[in-house]
2 protein chains.
Amino acid sequence: MMPDDLSPLAEGLGESLSLDGIERPADRAYTGIRRAILSGILKGGAHLGEEALARMTGTSRTPVREALRRLVGEGLARDEGRSRFVAEFPFEEVAVIFDIRARLEGYAARLAAERITAAELDRLAGLIEEIDRLSGPDGTSTRIQDFAKLNTAFHATVLSATRSPQMQSLSAQATAIPLELIKQFVWSQPVNVERSNRQHRDILDALAARNGNWAENIMSAHILSTKPVRPGANTTQDTQETST
Amino acid sequence: MMPDDLSPLAEGLGESLSLDGIERPADRAYTGIRRAILSGILKGGAHLGEEALARMTGTSRTPVREALRRLVGEGLARDEGRSRFVAEFPFEEVAVIFDIRARLEGYAARLAAERITAAELDRLAGLIEEIDRLSGPDGTSTRIQDFAKLNTAFHATVLSATRSPQMQSLSAQATAIPLELIKQFVWSQPVNVERSNRQHRDILDALAARNGNWAENIMSAHILSTKPVRPGANTTQDTQETST
DNA sequence: ACCCCGAATATTGTGTACAAACTCGGCACC
DNA sequence: GGTGCCGAGTTTGTACACAATATTCGGGGT
């Protein structure tokens with residue numbers, strides 16, 4: 001049975017990897033709006049009108065509404081009165097989010113150290129090698145997009161090794177930040193890719209050793225090492241209120 | 001001093017104060033389903049049929065749908081295939097959630113120590129006194145419901161003192177757990193109310209002293225002191241993988 | 001007897017119509 | 001000339017109708 005009803009305006013931006021080839025409106029609306037926010041097409045503070053988003057994503061208002069609810073829940077959009085707006089991330093807030101991630105994913109690494117499987121450890125090792133291959137050939141940058149993908153996969157693997165739905169849900173929320181901000185602050189320095197991967201190796205070692213304390217602390221340090229620095233700050237102190 | 005500070009997550013057990021007596025269907029659906037889950041009326045693993053919930057809450061499927069999305073986002077419901085089910089909280093997961101809360105709210109206390117206002121400090125002091133009055137007159141228990149409300153208000157005040165929407169959103173999610181489980185594990189021992197309030201006083205002192213390190217650690221300890229213990233465990237070790 | 005296939009049923013997904021609430025602008029009245 | 005009220009337009013909220021899909025049960029075939 002072939003669905004002859006291939007969506008009329010199917011081209012759009014959607015290059016989804018849906019297994020069936022079709023993509024349900026709800027997903028298209030959600031991923032479409034989300035990507036628009038994360039990529040900066042929809043800027044912080046922009047009004048999220050349902051009608052306009054429905055046109056933009058090629059669906060109707062119903063899927064858009066549900067997408068908006070989810071986005072509000074994830075912190076990418078905010079309710080304000082009756083309508084919704086793209087969440088804004090002032091620098092202070094981004095800094096807080098990184099400190100939260102340091103603690104959250106640190107604890108995740110602790111849990112993972114107890115529960116991770118050999119297969120998952122292998123996968124982490126594979127990802128580390130892939131990242132190495134990225135930074136190996138041509139000097140450093142230009143592949144930031146690829147690095148981001150592999151890096152996300154690495155962290156996602158650790159997260160899923162916790163076997164905790166709450167942990168995964170909370171981390172997902174804490175990780176959802178417009179890339180603009182990250183790129184702007186962190187990934188401007190190309191050296192970070194190699195350092196980051198060295199830390200990945202340490203994390204893998206800690207997990208393989210089943211050393212929860214080590215895993216928590218190295219993961220926490222890993223994330224703090226990527227914490228953005230306020231543009232106008234040259235070197236030390238200032239917003240370094242973090243430690244334990 | 002109740003008017004100004006209406007924290008977003010103050011709805012815990014709180015009864016909504018419908019101004020006109022009218023309540024919008026969306027709210028009724030959301031709070032209705034949420035309370036049903038938290039109170040145990042809808043048990044873990046129960047199927048959340050939209051039609052049935054619409055009848056139960058006296059609305060139509062549309063508000064129910066949006067409520068379900070939000071609940072999934074909060075971790076109280078889970079998607080499974082096409083439909084939704086009440087989230088289950090095995091003991092291991094509850095333990096993890098408390099460890100997460102210890103870190104999350106601990107960091108919240110650190111932030112609050114930097115940003116809290118005198119008015120908020122006063123409010124905290126007032127709440128502590130109210131809790132004292134609860135446990136003062138008649139021995140201990142029976143007022144667990146009142147304690148829960150004041151305790152929630154205390155923590156919500158600290159959270160809102162962080163001025164961080166993400167922190168508040170994440171904590172709200174980490175705090176949403178069916179009360180059944182908490183009561184069953186933690187509040188069975190009546191002594192905890194007094195000890196808990198002594199810790200509240202310490203937290204207040206740390207905040208008033210603007211000592212972020214102290215605040216983080218005492219808050220973390222406070223939450224860990226209420227962490228459930230596996231029913232079959234008598235005394236020490238076992239699931240005590242937590243520390244830093 | 002068992003397996004596979006198909007229809008009937010139940011449940012969710014989507015679109016749309018309509019209602020309610022808010023906004024903004026103009027006009028009248030003070 | 002300023003202020004307040006009222007109405008048109010816009011946007012969100014709610015309900016319902018219909019479509020699509022999963023599920024279950026029954027029948028027929030091997």
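What you see is a predicted model, and the numbers here were worked out from it, not measured in a lab. Numbers restart at 1 for each chain; the letters A, B, ... are given by sequence-line order, proteins then strands.
Contact check, A:S60 against C:dG15: a side-chain N or O comes under 4.0 Å of OP1 or OP2. For B:H47, a side-chain nitrogen or oxygen approaches OP1 or OP2 of C:dT12 to under 4.0 Å. A sub-4.0 Å separation between OP1 or OP2 of C:dT14 and a side-chain N or O of A:R28 is absent.
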Listed pairs under 3.5 Å, donor-acceptor, residues 56-63 of chain B side chains, sequence neighbours left out:
unit_1	atom_1	unit_2	atom_2	d
B:T57	OG1	B:L53	O	2.9
B:T57	OG1	B:T59	OG1	3.2
B:S60	OG	B:T62	N	3.4
B:R61	NE	B:E50	OE1	3.0
B:R61	NH2	B:E50	OE1	3.0

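Between B:R69 and A:R61, the residue anchored closer to the 5' end of DNA chain C is B:R69, taking for each the nucleotide with the nearest heavy atom.
Between B:D27 atom CG and C:dA21 atom C1' the separation is 15 Å, expressed in whole Å. The CG-P distance, from B:L48 to C:dT11, rounds to 13 Å in whole Å. A:E66 has its CD atom 10 Å from the C1' atom of C:dT12, to the nearest Å. Distance, B:E51 CD to C:dT12 P: 8 Å, rounded to whole Å. Between the CZ atom of B:R55 and the C1' atom of D:dA15 there is a distance of 16 Å, rounded to whole Å.
For the pair B:R110 and B:Y107, the NZ or CZ position fails the cation-pi test of under 6.0 Å to the six-membered ring centre and within 45 degrees of the ring normal.
Results of the side chain to side chain contact (heavy atoms under 4.5 Å, CB included) test with B:L76 over B:L48, B:L71, B:L68 single out B:L71 as the only residue that passes.
Interface residues of residues 76-85 of chain A facing DNA chain D, ordered by number: A:R82, A:S83, A:R84; criterion, heavy-atom separation under 4.0 Å.
Using bins of under 30°, 30° to 60° and over 60° for the plane-to-plane angle, the ring pair A:F147/A:H200 lands in the parallel bin.
The two residues B:L170 and A:A174 come nearest to each other via the heavy atoms CD1-CB, 4.2 Å.
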Exercise. Yes or no on side chain to side chain contact (heavy atoms under 4.5 Å, CB included) for B:K43 and B:V86, after CA distance, side-chain angles and deciding distance?
Worked result: CA-CA 7 Å; B:K43 304 193 197 307; B:V86 179; over 6 Å; no
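Residue B:E50 places its side chain closer to C:dT12 than to any other of C:dG15, D:dG13, C:dT12.
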